[in-house]
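Labels below follow one simple rule: chain letters A, B, ... track the order of the sequence lines, proteins then strands, and each chain is numbered from 1.
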2 protein chains.
Amino acid sequence: MVKKYGLEDVSKATVSRMATYLRCLTYLEQQGASTLSSRELASLTGVSAEQVRQDLSVFGRFGKRGTGYDVAHLKTEVEAIFGRGVERWKCCIVGVGSLGTALMSSRMVQKWGFRYVAAFDRDPRKIGTHVERIPVYSIDELKTIVRREHIAIGVIAVPASSARNVARILCEAGIRGILNFAPQSIKVPEKVPMLSVDLSQEFLKLSFYIQSAEQRAREEQIQIDAASHNE
Amino acid sequence: MVKKYGLEDVSKATVSRMATYLRCLTYLEQQGASTLSSRELASLTGVSAEQVRQDLSVFGRFGKRGTGYDVAHLKTEVEAIFGRGVERWKCCIVGVGSLGTALMSSRMVQKWGFRYVAAFDRDPRKIGTHVERIPVYSIDELKTIVRREHIAIGVIAVPASSARNVARILCEAGIRGILNFAPQSIKVPEKVPMLSVDLSQEFLKLSFYIQSAEQRAREEQIQIDAASHNE
DNA sequence: CAGTGTGAATAGGTTCACAGCG
DNA sequence: CGCTGTGAACCTATTCACACTG
């Protein structure tokens with residue numbers, strides 16, 4: 001089916017939620033659910049029902065009025081939006097440390113059509129070995145192999161100090177997109193999409209929200225105390 | 001210094017950027033930088049200078065007009081916003097698989113005052129062992145140990161199928177915040193802050209952006225072709 | 001008549017423009 | 001004079017309200 005929407009004007013938030021919907025749809029299909037309403041999908045994902053309908057309507061009209069959405073059909077449509085069926089994304093990982101190894105072990109990622117075909121490291125003891133059946137090469141071979149194998153996605157799992165250099169090499173090799181797990185801001189040409197995930201930042205953010213929640217709780221307690229005092 | 005702002009009305013986006021600023025400030029301090037302007041911090045983090053000033057002004061007036069910000073001082077202030085100095089956050093990890101192990105090995109997290117004091121797993125072969133010097137206990141002991149050790153943060157690194165159960169146990173144990181790495185939507189009481197990171201969703205999102213970028217490139221190419229045709 | 005799809009209203013976040021200070 | 005801090009303008013995202021359909 002040919003899509004009429006322009007991928008370029010889909011908001012980041014919508015893309016993120018679409019991925020969550022897809023995860024839920026997969027789960028629901030496994031559970032044997034056949035149809036679901038926007039309200040159900042909303043309550044499963046923690047967004048509002050209007051938001052679900054608004055998000056889906058960006059890409060098409062997938063629902064039946066009065067009935068809701070067909071789980072299997074909607075899943076196929078959302079998969080197509082994320083490029084499933086179009087191709088199986090070839091990935092490589094740079095940095096075979098504990099995080100890199102953990103990422104390669106994740107069966108999850110494979111399920112969506114992503115496939116690691118190469119790993120790269122600087123450590124001579126690792127070069128030539130295999131991790132999760134994926135061969136580990138020297139970073140010097142990166143450009144050659146990325147080009148030869150037509151690798152689409154490069155995953156950066158090296159220390160912050162080498163992240164920028166790795167990103168540069170990946171871009172020069174003609175990589176189509178980058179996933180950066182190094183705690184380092186990286187600039188890449190605008191035509192190379194990049195997403196960064198900084199695990200330590202998540203801890204920092206969480207500690208902020210904990211303090212925020214506990215401050216709010218204290219303030220509410222003071223209000224309750226004051227109110228009971230006035231009785 | 002006593003803060004005048006209400007932590008509750010700080011936007012998610014601002015919190016996220018503040019964590020990025022802190023990462024940059026740490027880097028800059030190591031590099032020996034003494035002052036920086038909002039424009040410099042902006043270009044390092046990929047946001048606008050106005051955004052940087054707007055974000056910082058939520059928490060206080062840290063800059064000197066005409067000069068900029070003092071790196072060391074601003075870093076201290078931002079650290080304080082994230083609760084550094086107030087306490088060292090005790091953490092526990094549930095699920096000693098490859099991801100759980102990778103998270104425990106991360107020195108990064110320790111640098112910000114987070115400290116793993118316990119790990120939990122269901123696998124009898126892992127219980128009683130140590131991973132990165134952190135003892136692995138049975139999940140049955142979770143509640144007791146979290147309460148006894150006053151553990152603040154629980155990290156979920158188990159398969160999706162057990163994530164909800166683990167979250168429930170953590171909440172019952174009185175955990176103050178949760179970081180969820182399982183690909184599963186989880187509901188927790190509103191008073192327990194939770195952040196979720198789904199690594200496979202990041203791959204999906206990236207593949208969407210790659211397609212989007214390549215579609216845009218094709219469209220631009222068509223425009224260029226058409227223009228040169230009209231010459 | 002239940003539930004989608006969608007224009008309109010509202011809320012929220014970002015950028016602009018400039019006053020004010022070091 | 002340069003750069004911060006900030007109200008106002010602008011733009012984006014979410015929610016509301018309801019027409020419409022299977």
Side-chain angles (χ1 to χ4, degrees), chain A residues 3-21 24-25 28 33-71 73-75 77-78 81 205 208 212, chain B residues 1 3-21 24-25 28 33-71 73-75 77-78 81 205 212:
Chain A
K3 291 297 181 302
K4 311 143 295 290
Y5 57 87
L7 294 178
E8 62 276 11
D9 40 52
V10 180
S11 79
K12 271 193 174 182
T14 297
V15 175
S16 195
R17 284 190 299 266
M18 291 298 288
T20 311
Y21 302 154
C24 274
L25 289 166
L28 287 166
S34 59
T35 63
L36 91 166
S37 66
S38 59
R39 197 173 316 133
E40 289 172 291
L41 188 50
S43 100
L44 284 166
T45 53
V47 305
S48 70
E50 299 85 353
Q51 186 72 83
V52 170
R53 296 203 299 275
Q54 192 79 271
D55 286 335
L56 295 178
S57 75
V58 172
F59 300 99
R61 287 135 55 120
F62 306 126
K64 283 189 175 49
R65 301 187 181 209
T67 315
Y69 304 88
D70 179 79
V71 172
H73 176 244
L74 184 57
K75 174 165 168 274
E77 291 285 359
V78 179
I81 289 163
K205 282 155 62 178
F208 181 89
S212 171
Chain B
M1 195 208 280
K3 290 297 180 305
K4 308 142 297 290
Y5 56 86
L7 295 177
E8 63 276 13
D9 39 54
V10 180
S11 81
K12 271 192 174 182
T14 297
V15 175
S16 196
R17 284 190 299 264
M18 290 298 289
T20 311
Y21 302 153
C24 274
L25 289 167
L28 287 166
S34 59
T35 63
L36 91 165
S37 66
S38 59
R39 197 174 314 134
E40 289 172 291
L41 188 50
S43 100
L44 284 166
T45 54
V47 304
S48 69
E50 299 83 354
Q51 187 72 82
V52 170
R53 296 203 299 275
Q54 192 79 271
D55 286 335
L56 295 178
S57 75
V58 172
F59 299 99
R61 288 136 54 121
F62 306 125
K64 282 189 177 48
R65 300 187 182 209
T67 316
Y69 303 87
D70 179 79
V71 173
H73 176 245
L74 185 58
K75 175 166 167 274
E77 291 286 358
V78 179
I81 289 162
K205 282 155 64 178
S212 171

Would you say a side-chain N or O of [X] is under 4.0 Å from OP1 or OP2 of [N]?
X     : N      : result
A:Y69 : D:dG22 : no
B:Q54 : D:dG5  : no
A:R17 : D:dA13 : no

Without swapping roles, check the side chain of A:S212 against the backbone of A:F208 for a donor-acceptor pair under 3.5 Å.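 It does not hold such a pair.
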Donor-acceptor pair, distance only, cut-off 3.5 Å: does the side chain of B:T20 make one with the backbone of B:S16?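 Judged by distance alone, yes, a pair lies under 3.5 Å.
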On DNA chain D, does the nearest nucleotide to A:D55 precede the nearest nucleotide to B:R39 from the 5' side, or the other way round? Give the residue.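 Going by which nucleotide is closer to the 5' end, it is B:R39.
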A:G66 vs A:A13, nearer the 5' end of DNA chain D by closest nucleotide: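 Result: A:A13.
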Separation of [X] atom [atom1] from [N] atom [atom2], in whole Å?
X     : N      : atom1 : atom2 : value
A:R53 : D:dA17 : CZ    : P     : 13 Å
B:K64 : D:dG5  : NZ    : P     : 10 Å
A:F62 : C:dG5  : CZ    : C1'   : 12 Å
B:Q51 : D:dA9  : CD    : P     : 19 Å
A:L56 : D:dT14 : CG    : P     : 14 Å
B:D9  : C:dA11 : CG    : P     : 16 Å
A:F59 : C:dT6  : CZ    : C1'   : 16 Å
B:L74 : D:dC3  : CG    : P     : 16 Å

Among the nucleotides [options], which one has an atom lying closest to any side-chain atom of [X]?
X     : options                : value
A:S48 : C:dC16, D:dT15, C:dG13 : D:dT15
B:S38 : D:dT4, D:dA13, D:dG5   : D:dT4
B:R65 : C:dC21, C:dT15, C:dG3  : C:dC21
A:R61 : C:dG5, D:dT15, D:dG5   : C:dG5
A:S37 : C:dG3, C:dG22, D:dC3   : C:dG3
B:E50 : D:dC3, C:dC16, C:dT14  : C:dC16

Tell me which one of B:F59, B:F62, B:Y69 satisfies side chain to side chain contact (heavy atoms under 4.5 Å, CB included) with B:E77.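 Going through B:F59, B:F62, B:Y69 one by one, the side chain to side chain contact (heavy atoms under 4.5 Å, CB included) with B:E77 is satisfied by B:F62 alone.
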Any side-chain heavy-atom pair from A:K75 and A:D70 closer than 4.5 angstrom?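 They are not in contact (no side-chain heavy atoms under 4.5 Å apart), so the answer is no.
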Evaluate the side-chain proximity of A:M18 to A:Y21: yes if any heavy-atom separation is below 4.5 Å, no if none is.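 When only atoms from C-beta onward are counted, A:M18 and A:Y21 do touch, with a gap below 4.5 Å.
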At under 4.0 Å between heavy atoms, what does A:G63 touch on the DNA or RNA strands: base, sugar-phosphate, or nothing?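 Sugar-phosphate, backbone atoms only, no base.
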